[in-house]
Colleague: 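Please read through the structure below; I'll follow up with questions.
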Amino acid sequence: MSRDDEQRGEQAGAQPPEQLALIRETVRGRKAPKAKPRTWRGADMAARLPVARVLVDKGLVHLDRYFDYAVPAAMDEEAQPGVRVRVRFGAGEREGRREGGGLINGFIVERRADSDFTGRLAPLAQVLSPEPVLTPELLQLCRSVADRYAGSLADVVQLAVPPRRAKPEKQPSPRPLPAPSAPAPGGWARYPQGPAFLQALADKSAPRAVWTALPGPGGWADELARAMATTLAAGRGALAVLPDGKAAARVDAALTALLGEGRHVLLTAEAGPEPRYRRWLAVSRGAVRAVVGTRAAMFAPVRRLGLAAIWEDGDASHSEDRAPQPHAREVLLQRAVTEQAAFLLGAHGCTVEAAQLVDSGFALPLAADRETVRAVMPRVRTAAEGDEARDPAARSARLPSLAWRTARDALERGPVLVQVPRRGYVPRLVCERCREPARCTHCAGPLEAAGEGTVLRCGWCARETPAWRCPMCGGIRLRGSVFGARRTAEELGRAFPAVPVRTSGGEHVLGSVPGRPSLIVATPGAEPVPEGGEGYAAALLLDGWALLGRPDLRAGEEALRRWLGAASLVRPQGEGGTVIVVADETMRPVQALIRWDPAGHAMRELAERSELGFPPVSRMAAVTGPPEAVAALIAAAREAGLPEHAQVLGPVPLPVLEPGRPRGPGDPPPGEQWERALVRVPRGSGAALAATLKTAQVGRLTRREGPVAHIRVDPLDIG
DNA sequence: AGCACGCCGACT
DNA sequence: GTCGGCGTGCTC
């Protein structure tokens with residue numbers, strides 16, 4: 001943003017000398033020794049509201065409460081609610097004097113006349129900066145997120161408030177620009193309910209919608225920007241969270257085209273810490289009222305929020321990987337409700353959670369007519385896996401003949417996208433005949449085989465299934481591997497020697513590619529957008545079997561989501577756009593792709609999960625850790641009182657972490673054998689479950705009872 | 001988690 | 001009489 005350059009230098013003249021020294025030290029570099037704050041022992045305390053209630057910045061669950069400190073008179077002015085402070089913490093009293101105790105950071109949450117603490121209050125050591133970053137609204141949001149995820153407030157605050165940077169704080173934010181005028185509906189006119197949704201935003205009411213975006217490269221970004229601009233025009237703030245920097249940049253560009261510079265900021269990691277903090281401050285100070293960003297932006301303190309939007313809620317990157325691992329969709333839902341803002345969930349596909357929002361009546365569907373969909377969608381055809389082409393080059397690439405012919409013809413007209421499975425994306429056990437994932441007859445968890453010829457065991461409840469029989473087709477044989485996908489991708493180049501081949505995925509993701517004939521081999525989610533806005537002439541989706549074969553609950557939804565993502569970049573069928581999906585055409589996600597009906601697919605999935613008692617119809621929490629820690633935490637939770645109808649599944653041994661994959665919270669350290677138990681409760685008991693688990697955890701940590709287990713509410717990979 | 005406090009045994 | 005083992009419990 002060019003706004004970052006418009007800042008004026010600091011006005012140091014107003015600062016007291018003590019602070020100047022501190023500033024110099026901070027600016028000089030990280031290695032410089034920290035100024036030692038004075039002790040304030042015996043100093044005068046503030047005359048009015050001499051007590052500061054402080055949130056101590058330590059993520060320990062059993063310290064999840066506030067601590068009171070005395071406010072020295074010299075800090076009275078700056079020690080306002082929301083500011084960052086340093087306090088002495090963890091020391092006892094020796095010879096009647098307060099001693100030692102490490103200096104740690106915290107936030108003032110309240111100024112009070114008195115404390116309910118009976119001992120002598122320690123004074124605040126230092127006000128780090130007078131910027132009130134943890135506003136009451138943000139604090140309340142963090143509290144409810146912490147509660148929902150059985151985490152500590154300090155952990156969530158750490159996710160919500162970016163680390164301090166001295167320079168941006170000392171610069172003024174630009175003056176807020178007046179509200180823009182409302183934009184035209186643009187692409188929203190293609191949706192029967194589109195204009196009405198915008199009108200509701202303009203009327204400052206709080207519409208909630210699950211938006212099934214029409215295919216086409218980039219249209220969605222403009223529509224999202226228009227929804228945000230309409231909200232701004234009504235005098236309220238807007239926030240959109242996107243799965244990656246690439247998608248966020250597109251909405252940023254669309255908003256800039258609509259409103260010019262200065263009315264919104266882009267909050268992504270790519271900007272670098274200092275510009276990012278500067279932009280965050282501009283939002284916090286109310287200078288900017290619209291935010292486009294990646295998941296950390298879900299906490300952005302937008303003033304008078306009028307719209308909370310999320311794009312592609314099925315993308316795994318919307319799930320925070322730091323404790324307590326909140327999901328952007330859930331956080332934005334929470335904000336929409338408490339801040340009385342509109343909620344917009346948009347995607348090309350549809351998650352079961354989104355379907356449930358519609359099913360429960362919380363949100364209304366925002367989708368185009370069948371006719372409109374048919375007019376812009378590509379032609380979708382299936383190719384059988386065994387139906388390999390006669391051409392030897394195509395054979396070596398294991399391309400079905402239809403895929404081979406389609407690609408060859410389309411390459412006359414433009415670029416062709418080839419979607420191949422991501423490495424490590426290998427299914428577990430499925431029926432050899434109909435490819436139905438093998439599930440436990442007791443709890444419907446995924447069946448696993450420890451090795452060749454070993455007995456089948458459930459990945460959830462550990463019960464053994466000695467004689468498996470497919471419930472769908474009666475088959476008795478299982479299959480569990482996928483052909484070398486990586487090699488298939490490489491061999492594609494040999495199948496089409498006359499055409500340039502480019503790859504996108506893993507470390508090297510392309511944002512866009514030239515619109516001329518070429519083969520683009522990409523892993524799901526890394527598909528580049530063809531330049532010129534025309535789209536791909538064709539797409540080959542070769543990863544069907546790998547995607548659909550996973551026993552993951554989301555396998556179908558995820559396969560469809562990834563296919564739709566790629567197919568959305570293909571030209572309409574009227575312009576010759578064709579998609580070939582190599583998968584069995586009788587499978588439900590394949591059918592949904594052919595009909596371009598993600599919402600219908602998600603509704604059917606939801607109905608099925610409802611029967612089986614799966615999330616999101618039920619709520620789950622995963623408890624992982626060393627076996628004795630898991631057992632003890634579950635026992636403690638039982639004692640603390642699990643909600644009615646709670647069901648404990650397992651524990652079962654956790655599979656060893658694949659080498660190379662980064663270890664997250666809840667993953668075992670290398671070499672340790674951990675276990676996982678799942679606790680399942682009816683919908684509506686989620687809050688009670690989180691509270692119980694947290695109580696059990698706090699009890700165990702306080703008494704330091706052996707190794708610690710990790711709690712994950714709404715685990716993603718439950719089988 | 002740190003870290004101090006305290007209660008009991010072994011030492012100068 | 002005093003030092004220090006580590007078990008117990010608090011951190012404003």
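The chains referred to below are lettered A, B, ... by the order of the sequence lines, with proteins before strands, and numbering in each begins at 1.
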Colleague: Mind calculating the distance between CG (Asn105(A)) and P (dT11(C)) to the nearest angstrom?
Modeller: 21 Å
Colleague: Using the six-membered ring wherever Trp is involved, compare the ring planes of Phe67(A) and Phe89(A) and label them parallel, tilted or perpendicular (cut-offs 30° and 60°).
Modeller: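 Judged by the thresholds at 30° and 60°, the geometry between Phe67(A) and Phe89(A) is perpendicular.
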Colleague: Compare every heavy atom of Leu689(A) with every heavy atom of Pro643(A), then report the nearest pair and how far apart it is.
Modeller: CG-N, 3.6 Å
Colleague: Have a look at Glu330(A) and tell me which of Arg148(A), Arg619(A), Arg335(A) forms a salt bridge (charged side-chain N to carboxylate O under 4.0 Å, His left out) with it.
Modeller: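 Output: one option passes, namely Arg148(A).
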Colleague: Rounded to whole Å, how long is the line connecting atom CG of Asp155(A) with atom P of dA1(B)?
Modeller: 14 Å
Colleague: Measure CZ/Arg88(A) against C1'/dA4(B) and give the value in whole Å, please.
Modeller: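 Result: 16 Å.
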Colleague: Please give me every residue in residues 63-76 of chain A whose heavy atoms get under 4.0 Å of an atom in DNA chain C, ordered by residue number.
Modeller: Leu63(A), Arg65(A), Phe67(A), Asp68(A), Tyr69(A)
Colleague: Roughly, in whole Å, what's the span from CZ in Phe107(A) to P in dC12(C)?
Modeller: 19 Å
Colleague: Rounded to whole Å, how long is the line connecting atom CD1 of Ile104(A) with atom C1' of dC10(C)?
Modeller: 14 Å
Colleague: So if I apply the side chain to side chain contact (heavy atoms under 4.5 Å, CB included) rule between Val127(A) and each of Glu78(A), Arg84(A), Gln80(A), which one comes out positive?
Modeller: Glu78(A)
Colleague: Rounded to the Å, how far apart are Arg53(A) CZ and dC12(C) C1'?
Modeller: 10 Å
Colleague: Could you state the CG-P distance from Leu103(A) to dG2(B), rounded to the nearest angstrom?
Modeller: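 Distance, rounded to whole Å: 16 Å.
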Colleague: How many whole angstroms separate atom CG of Leu701(A) from atom C1' of dC10(C)?
Modeller: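 In whole Å, dC10(C) C1' and Leu701(A) CG are 15 Å from each other.
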Colleague: Looking only at heavy atoms, what is the nearest atom pair of Pro616(A) and Arg683(A), with distance?
Modeller: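 Closest pair (atom of Pro616(A), atom of Arg683(A), distance): O-CD, 3.6 Å.
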